[in-house]
Amino acid sequence: MIVYVCNSCGKGYFEPRGICKCGSDSFREEERETKRLHCVKLLVPPAGFPEQVEFCLSSAGDTRVLELGGSRE
Amino acid sequence: MVAIVDAWLTPFGKRKESLFDLAKESSLPLIRKFRDAIDFVIISNSYSGEFNGISGVNNLISTYLSLEDIPSIRVDNTSGSGGSAVLVAKSFLDSGMARAVLVIGVEKMSTMKTRDVTSVISSLLPPRERSVGISVPSLASLMTREYLDRYRARREAIAEVAVKNHRNGARNPFAHIRKEVTLSDVLSSPVVADPLTQYEFCPISDGSASLLLVRDEEALSFTGKPVYIKGMAMGSDSSHITDREDLLEMRSVKRAGELAMKFSGVERVDFAELHDMATILEIVEAEALGLLRKGEGWKYYLEGRTEVNGDMPINTSGGLNSKGHPIGASGVAQLVEAFHQIRGEAGERQVKDARTGLSLSMAGFGNSATVTVVGDEP
Ligand SMILES: [Zn+2]
């Protein structure tokens, strides 16, 4: 899972930002392992997605991320 | 200080009328009485472009109402538009920019199918989070899982929010769903976002609500029973759900609530209208606002304490859950309910001796929140 990490303060973000909370605008991409916290099956997803979507709120180090659920095979 | 001197709304639901006629229906009683006094019009509306193919909606509506000589603006803050619009109206009155502001909240959503509406509303989520397929309802499910786990809360307590709000909605002639439901009905209705079911989410509604606001020193020349805005504040949080360190900390709600209560000088309100887009939100918001004890809010629902005759009545109108959630109208309609409660005009839903109340108008999933504390005295 790619996380955007601030080159100045080291804070990680799932969703890219233009400016970090510390004021820096320089980020690097970092590949991290994830650990699932909670998963949800959505049976009425937004138009344009499959009939059923499963996604998980996971942690990637100290950063929270969203990823598709289901088997990791 | 500012007072609400008149208020009205349309029945919410799937309505055949246009956006313009809905706006007319809620504002006509106010315009008939106070046309000459109104010197600013604020339209609370979020999705006229997406749902109705209309831009410049404030001027189109004010012209339809023959108020085109009066300056107007549109306030859009997604689901929290209504609270934001009233905050702007209050600021105009406090600053002397205006003397009588007509706020019209309106939305016509039934032009689209459910999954298309979900797609439009999900556009408030940031692109990478959205790409997973999440929607605002599914965030409520994540919150539910976290709440049940952390506080060892009972699943049926969450569903009891819907039972209570449908009971109140059944007594509200303006509610979208006027039908009582049982706990079993709620738990056995189709799952929308596991574990939350259809009855635990607000329906897709059309509707409009209007308020007339004036400065407090002029209020008695409009009505013998003004309802005063005693405190009002807004809080903000990240629009990225992955930035929230704790899903159960609704920081925008907590901040807005603390400030609004402080400004109001009120220690405890007699009732509250909250943003129950999903059942779990009502509980977590009530805890963030200090209305219910943190981590124990669910227990109040098992004990009936949030009912109209309970010690902390919540969503006497039926809430978004039963009354409906026409986005731009919702926050305005919450204050219409508060107006009627404080004046003792809420009929079967009347809270005994209601002298102060609170409304929470919330954008997104707590992206921002506006809290208004009202009362029968300045
Ligand atoms: Zn930084």
Side-chain angles (χ1 to χ4, degrees), chain A residues 1-6 8-25 27-72, chain B residues 50 112-150 189-198 200-201 203-204 238-249 278 280 365 367:
Chain A
M1 170 71 67
I2 296 285
V3 168
Y4 300 92
V5 179
C6 171
S8 177
C9 72
K11 184 169 172 55
Y13 297 95
F14 173 73
E15 193 72 43
R17 287 193 182 214
I19 301 173
C20 179
K21 287 187 176 181
C22 76
S24 164
D25 69 344
F27 296 88
R28 65 179 180 276
E29 292 184 10
E30 214 172 88
E31 179 70 33
R32 290 185 181 174
E33 292 291 311
T34 60
K35 188 174 156 229
R36 290 178 179 180
L37 301 171
H38 295 288
C39 295
V40 163
K41 277 199 187 77
L42 178 57
L43 285 90
V44 189
F49 287 90
E51 292 287 310
Q52 182 177 314
V53 169
E54 185 177 0
F55 69 88
C56 303
L57 180 67
S58 305
S59 60
D62 57 1
T63 305
R64 286 190 160 201
V65 301
L66 289 173
E67 57 184 345
L68 288 173
S71 158
R72 291 192 188 230
Chain B
E50 292 85 343
M112 279 188 185
K113 294 192 175 121
T114 301
R115 287 185 62 183
D116 293 321
V117 170
T118 305
S119 181
V120 167
I121 293 172
S122 298
S123 66
L124 64 86
L125 299 164
R128 195 178 180 199
E129 291 186 356
R130 199 179 168 197
S131 70
V132 181
I134 61 168
S135 61
V136 180
S138 60
L139 298 179
S141 289
L142 270 182
M143 177 182 260
T144 305
R145 294 210 172 279
E146 182 95 23
Y147 191 90
L148 293 173
D149 275 6
R150 189 180 306 174
S189 68
V191 173
V192 171
D194 187 31
L196 297 177
T197 66
Q198 192 176 316
E200 294 183 275
F201 290 101
I204 292 167
S238 174
S239 59
H240 307 168
I241 202 74
T242 46
D243 287 340
R244 312 269 176 96
E245 284 166 19
D246 183 349
L247 271 183
L248 303 182
E249 279 291 326
I280 185 67
F365 201 71
N367 300 6

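Chain naming here is simple, since letters A, B, ... match the order of the sequence lines and numbering starts at 1 in each.
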Between [X] and [Y], which heavy-atom pair has the shortest distance, and what is it?
{"X": "B:Thr118", "Y": "A:Pro45", "result": "CG2-C, 4.4 Å"}
{"X": "A:Leu43", "Y": "B:Val191", "result": "CB-O, 3.6 Å"}
{"X": "A:Glu15", "Y": "B:Arg128", "result": "OE2-N, 2.8 Å"}
{"X": "B:Ser119", "Y": "A:Pro46", "result": "CA-CB, 3.8 Å"}

For A:His38 and B:Asp149, what are the C-alpha separation, side-chain angles and deciding distance, and is it a side-chain contact (heavy atoms from CB on, under 4.5 Å)? CA-CA 10 Å; A:His38 295 288; B:Asp149 275 6; 3.3 Å; yes
Whether A:Glu51 and B:Arg115 form a salt bridge (side-chain N of Lys/Arg under 4.0 Å from carboxylate O of Asp/Glu) is what I want to check. yes
Check each atom of B:Pro127 against the heavy atoms of chain A and say whether the ones under 4.5 Å are side chain, backbone, both or neither. both
Is B:Thr114 in contact with chain A via its backbone, its side chain, both, or neither, using a 4.5 Å heavy-atom distance? side chain
I need the residue from B:Ile241, B:Leu196, B:Asp194, B:Val192 with the largest number of non-hydrogen atom pairs under 4.5 Å to chain A. B:Val192
Largest heavy-atom contact set with chain A, pairs under 4.5 Å, which of B:Thr144, B:Val120, B:Ile134: B:Ile134
Would you find more than 12 non-hydrogen atoms of other residues, nucleotides or ligands less than 6.0 Å from A:Glu31 atom CD? yes
Per salt bridge (charged side-chain N to carboxylate O under 4.0 Å, His left out), B:Asp243 is matched among A:Lys11, A:Arg64, A:Arg17 by A:Arg17
Nearest-0.5 Å distance, [atom1] of residue [X] to [atom2] of residue [Y]:
{"X": "A:Phe55", "Y": "B:Leu139", "atom1": "CZ", "atom2": "CG", "result": "6.0 Å"}
{"X": "A:Leu66", "Y": "B:Thr242", "atom1": "CG", "atom2": "OG1", "result": "6.0 Å"}
{"X": "A:Lys41", "Y": "B:Ser141", "atom1": "NZ", "atom2": "OG", "result": "12.0 Å"}

In terms of heavy-atom pairs under 4.5 Å with chain B, the winner among A:Val40, A:Leu37, A:Val53, A:Leu68 is A:Val40
Heavy-atom distances under 4.5 Å only: say whether A:Cys39 touches chain B with side chain, backbone, both or neither. backbone
Counting C-beta onward and ignoring hydrogens, is there a side-chain heavy-atom pair between B:Ser135 and A:Leu42 closer than 4.5 Å? yes
